[in-house]
Amino acid sequence: MLGVSLACKITNISHNLLSLLDKCKSILELKQLHAVVISCGLSQDDPFISKILCFSALSNSGDINYSYRVFSQLSSPTIFSWNTIIRGYSNSKNPIQSLSIFLKMLRLGVAPDYLTYPFLVKASARLLNQETGVSVHAHIIKTGHESDRFIQNSLIHMYAACGNSMWAQKVFDSIQQKNVVSWNSMLDGYAKCGEMVMAQKAFESMSEKDVRSWSSLIDGYVKAGEYSEAMAIFEKMQSAGPKANEVTMVSVSCACAHMGALEKGRMIYKYIVDNGLPLTLVLQTSLVDMYAKCGAIEEALLIFRRVSKSQTDVLIWNAVIGGLATHGLVEESLKLFKEMQIVGICPDEVTYLCLLAACAHGGLVKEAWFFFESLSKCGMTPTSEHYACMVDVLARAEIVGRKLIELEPNHDGRYIGLSNMYAVDKRWDDARSMREAMERRGVKKSPGFSFVEISGVLHRFIAHDKTHPDSEETYFMLNFVVYQMKLSCHEDNQERSLNDTSMEDDLLLF
DNA sequence: ATTGATGAAC
């Protein structure tokens, strides 16, 4: 009688513990439940350990290192446990650990199964390491798993991520029954490899297109710099496709950022709000950057200020600090850097680039040196971009402009930079001689497009371009303005001969 | 228990 009731109690405790483990929310809670499992002597029972492993390895609030410690206590882990730990690492910051556990498995003579391989392939993809990917692929073939569609789909992704669209396509072609994931992986693969003609072709061949198909295509065009095309597809998606989600909006807001299309960008934001799309940190970062690049720094700050600081990361701080810097809001930029440190976000190389850009804008030589030196002190190695920024700071103080041209005699920006610097200092002869030296050495100034958005329509201009329908009128107005400017220069009786040519240079960029 | 889309500076 007593035995039966005790058995009942134990069953009850086990049952309660399992359901508590299912409802677990934080790693702290998990550790407490783990302690109960151990003190009840249940730590060798598979269902408990499996749940503990799953939460710590796979949950967002888990802890892969804790998971590994639990795993390494197991005398003979089940294939489920092996797969869980490999899967956890494949999503972690150290996907390489998946592969080393795989090797351990092989050494111990434990056979991976059809679920092990997708995680291993994903780990290789995240490492952008085709060599390990190929090794895993070889094991897949050796163990007879090459016809598993999940595995094939993950292989397409891996090869494409490594830049090998040819092999991705080989796997794709070998799939008997392609599903939407196969098609999306191939489409995205082409897009990632910059093969937009192929991506477009794949998109058109698909019988079933979901939100990921559209998003991949749009993002491909954005990454290829074909922003208008990306926007056109987004519009088509709204009329004839699935509902866009927050991932789609990241790509289209990125397109607006590059085009400087503020009105379209505002419409994107309205779309997000109207459709109740989740404002993820990634999307907020993209919006901050978009508003900043479109010249609407106030709106960028508005988005940024609404993000709770505990949820921020280094990328969004970089976006806002960089945005302020390019707007010449140097003090604000440096102030936000301090705020970032108070919040406890560690600056990275990009942060320092933004800070140096701010210093260049504000002519803050001393501060720039300080940032440049703290970069190394924080264990980072300054890249050529940091040196370039530093050079920019010092060049504005006329220290190293000429040195730079010696080092990079074929870089147009170096000449233009020094020439502009001289111009600021009103040393017109020196400035002119820089431009002449550039021409003499046959260094071409790379052409820059200008985009202007008027009532939602984007207009593109390039130097001496007459293809715009209103070109004649535009040039007429331009010449009129130039004439007026020259006239007023004359009236001021100032020596502006060089300014005249540089002005023409800039204005003829139309 | 599995696969596929997204953010910052040059």
Side-chain angles (χ1 to χ4, degrees), chain A residues 50-51 53-54 57-58 78-84 86-88 90-91 112-122 125 145 148-158 160-161 168 171-172 175 179-189 191-192 199 210-220 222-223 244-254 257 277-290 292-293 300 304 312-323 325-326 347-358 383-389 392 413:
Chain A
S50 292
K51 286 210 192 301
L53 267 181
C54 276
L58 307 177
T78 59
I79 185 69
F80 181 89
S81 300
W82 283 102
N83 287 348
T84 304
I86 288 175
R87 182 185 179 189
S90 79
N91 296 318
D113 68 2
Y114 67 107
L115 291 165
T116 321
Y117 291 112
F119 308 137
L120 292 171
V121 176
K122 186 182 196 167
H145 286 96
D148 181 303
R149 199 168 54 187
F150 279 89
I151 294 174
Q152 289 169 311
N153 290 345
S154 64
L155 282 169
I156 296 173
H157 171 72
M158 182 274 294
V171 177
F172 177 76
I175 303 178
N179 65 3
V180 68
V181 179
S182 321
W183 280 99
N184 282 350
S185 303
M186 197 60 243
L187 158 58
D188 187 62
K192 287 275 178 309
D210 65 10
V211 63
R212 286 180 192 235
S213 329
W214 288 84
S215 298
S216 287
L217 188 69
I218 290 171
D219 194 62
V222 174
K223 297 284 144 65
N245 66 11
E246 70 279 9
V247 179
T248 326
M249 304 321 279
V250 171
S251 300
V252 287
S253 78
C254 182
L277 298 182
L279 274 173
T280 58
L281 186 61
V282 174
L283 182 52
Q284 284 165 314
T285 307
S286 189
L287 288 170
V288 167
D289 183 56
M290 181 272 291
K293 287 217 169 76
F304 177 73
T312 54
D313 64 3
V314 66
L315 270 78
I316 195 159
W317 283 98
N318 288 350
V320 71
I321 291 171
T326 48
D348 67 1
E349 284 90 341
V350 178
T351 319
Y352 281 102
L353 267 178
C354 297
L355 292 169
L356 290 175
T383 63
S384 62
E385 284 87 359
H386 292 100
Y387 283 102
C389 251
D392 187 25

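Proteins get letters first, then strands, A, B, ... in listed order; numbering begins at 1 in each.
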Q: Is it the case that His157(A) and Ser154(A) place a side-chain donor and acceptor less than 3.5 Å from each other?
A: no

Q: For the side chain of Ser216(A) and the backbone of Ser213(A), is there at least one donor-acceptor N/O pair under 3.5 Å apart?
A: no

Q: Without decimals, in angstroms, what is the distance between Asp289(A) CG and dT6(B) P?
A: 16 Å

Q: Under 4.0 Å, heavy atoms only, any strand: does Asp148(A) hit a base, just the sugar-phosphate, or nothing?
A: nothing

Q: For a quick test of reading the model: is some side-chain N or O of Lys192(A) closer than 4.0 Å to OP1 or OP2 of dT6(B)?
A: yes

Q: For the side chain of Thr285(A), starting at C-beta, report the closest nucleotide among dG7(B), dA9(B), dT3(B).
A: dG7(B)

Q: Does Asn83(A) get its side chain close enough to the base of dA1(B), under 3.5 Å, for a donor-acceptor pair?
A: yes

Q: Rounding to an integer number of Å, can you tell me how far Glu385(A) CD sits from dA8(B) C1'?
A: 14 Å

Q: Looking only at side-chain atoms of Leu281(A), point me to the closest of dG7(B), dA5(B), dA1(B).
A: dG7(B)

Q: Tell me: CD1 of Ile316(A) to P of dG7(B), nearest whole Å?
A: 14 Å

Q: Which of these nucleotides, dA5(B), dA1(B), dA8(B), is closest to any side-chain atom of Asp188(A)?
A: dA5(B)

Q: Give the rounded distance in Å between these two atoms: CG of Leu277(A) and P of dA5(B).
A: 19 Å

Q: Closest to the Val250(A) side chain: dA1(B), dA8(B), dG7(B)?
A: dG7(B)

Q: Listed by chain and number, what are the side chain to side chain contact (heavy atoms under 4.5 Å, CB included) partners of Val247(A), not counting sequence neighbours?
A: Asn245(A)

Q: Without decimals, in angstroms, what is the distance between Trp214(A) CH2 and dT6(B) P?
A: 18 Å

Q: Can you tell me which nucleotide in dT6(B), dA5(B), dA9(B) comes closest to the side chain of Cys354(A)?
A: dA9(B)

Q: The criterion is side chain to side chain donor-acceptor pair (under 3.5 Å); which residues satisfy it with Thr285(A), sequence neighbours excluded?
A: none

Q: When you measure from the side-chain N and O atoms of Lys293(A) to the phosphate of dA9(B), is any distance below 4.0 Å, counting only OP1 and OP2?
A: yes

Q: Look at the side chain of Asn83(A) and the backbone N and O of Ile86(A), then say whether any donor-acceptor pair between them is shorter than 3.5 Å.
A: no

Q: Look at the side chain of Asn245(A) and decide which nucleotide, out of dA1(B), dA8(B), dA5(B), has an atom nearest to it.
A: dA5(B)

Q: Any donor-acceptor pair, under 3.5 Å, between the side chain of Asn318(A) and the base of dG7(B), if you only look at N and O atoms?
A: no

Q: Are any non-hydrogen side-chain atoms of Phe172(A) and Trp183(A) less than 4.5 angstrom apart?
A: yes

Q: Can you measure Leu355(A) atom CG to dA9(B) atom P for me and round it to whole angstrom units?
A: 14 Å

Q: Counting only side-chain heavy atoms from C-beta out, which of dT6(B), dT2(B), dA8(B) sits nearest to Val350(A)?
A: dA8(B)

Q: dT2(B) base stacked by Phe150(A)? Criteria: ring centres under 5.5 Å, plane angle under 30°.
A: yes

Q: Could you please name the option among dT3(B), dA5(B), dG7(B) that lies closest to any side-chain atom of Asn153(A)?
A: dT3(B)

Q: Rounded to the nearest Å, what distance is computed from the CG atom of residue Leu53(A) to the P atom of nucleotide dA1(B)?
A: 15 Å

Q: Go through it in stages, so that I can follow the logic: the residues are His145(A) and Tyr114(A), the test is ring pair (Phe, Tyr, Trp, His ring centres under 6.0 Å), and I'd like the CA-CA distance, side-chain angles, deciding distance and then a yes or no.
A: CA-CA 7 Å; His145(A) 286 96; Tyr114(A) 67 107; 7.2 Å; no

Q: Has His386(A) got a side-chain N or O lying under 4.0 Å from the OP1 or OP2 atom of dA9(B)?
A: no

Q: When you measure from the side chain of Ile79(A), which nucleotide among dT3(B), dA1(B), dA8(B) comes out closest?
A: dA1(B)

Q: What nucleotide among dA1(B), dC10(B), dG7(B) has an atom nearest to a side-chain atom of Lys223(A)?
A: dG7(B)

Q: Could you give the CG-to-P distance, from Asp392(A) to dA9(B), as a whole number of Å?
A: 16 Å

Q: Considering every strand and a 4.0 Å limit on heavy-atom distances, what is the contact class for Phe119(A): base, sugar-phosphate, or nothing?
A: sugar-phosphate

Q: Assess whether one donor atom and one acceptor atom, taken from the side chain of Ser286(A) and the base of dG7(B), lie less than 3.5 Å apart.
A: no

Q: Heavy atoms under 4.0 Å, any strand shown: does Val180(A) hit a base, just sugar-phosphate, or nothing?
A: base

